[in-house]
Amino acid sequence: MSRRGTAEKRTAKSDPIFRNRLVNMVVNRIMKDGKKSLAYQILYRAVKKMQQKTETNPLLVLRQAIRRVTPSD
């Protein structure tokens with residue numbers, strides 16, 4: 001039996017610009033060696049290009065792309 005208490009569940013924080021948890025989760029996947037600011041720059045540049053090309057909400061495009069690549073049950 002463990003002497004420690006159980007760990008509390010943490011909710012993922014949202015990113016500062018879009019206020020979206022999905023964006024923060026993608027940034028955490030992009031991040032290497034703790035360089036979160038660089039990962040945010042990369043993602044925001046990509047989102048800006050998506051918005052220019054598709055002229056729609058880039059978060060919808062990102063969510064749709066992630067749904068397409070995740071395995072279905």
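Predicted, not measured: the structure shown is a model, and the values here were computed from it.
Applying the ring-ring contact (aromatic ring centres under 6.0 Å, His included) test to pairs two or more places apart or on separate chains, none has a residue in residues 47-73. A ring-ring contact (aromatic ring centres under 6.0 Å, His included) check over residues 45-73, counting only residues at least two apart or in different chains, returns nothing. For residues 53-73, no pair satisfies ring-ring contact (aromatic ring centres under 6.0 Å, His included), with sequence neighbours left out. Residue pairs meeting the side-chain hydrogen bond (donor to acceptor under 3.5 Å, both in side chains) criterion with at least one member in residues 59-71: none, sequence neighbours excluded. Among residue pairs with one or both ends in residues 51-70, none qualify as ring-ring contact (aromatic ring centres under 6.0 Å, His included); sequence neighbours excluded.
For the atom pair CD of Gln51 and OG1 of Thr56, the computed distance is 8.0 Å after rounding to the nearest 0.5 Å.
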Between side-chain atoms of residues 18-36 and protein atoms elsewhere (two or more places apart, or another chain), which donor-acceptor pairs fall under 3.5 Å?
unit_1: Arg19; atom_1: NH1; unit_2: Pro16; atom_2: O; d: 3.3
unit_1: Asn20; atom_1: OD1; unit_2: Leu22; atom_2: N; d: 2.9
unit_1: Asn24; atom_1: OD1; unit_2: Tyr40; atom_2: OH; d: 3.2
unit_1: Asn24; atom_1: ND2; unit_2: Lys13; atom_2: O; d: 2.6
unit_1: Asn28; atom_1: OD1; unit_2: Lys36; atom_2: NZ; d: 3.2
unit_1: Asn28; atom_1: ND2; unit_2: Asn24; atom_2: O; d: 3.4

Tell me which donor-acceptor pairs under 3.5 Å the side chains of residues 42-50 have, and how far apart each pair is, sequence neighbours excluded?
unit_1: Tyr44; atom_1: OH; unit_2: Asp15; atom_2: OD2; d: 2.7

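With sequence neighbours left out, Ser14 forms a side-chain hydrogen bond (donor to acceptor under 3.5 Å, both in side chains) with no residue at all.
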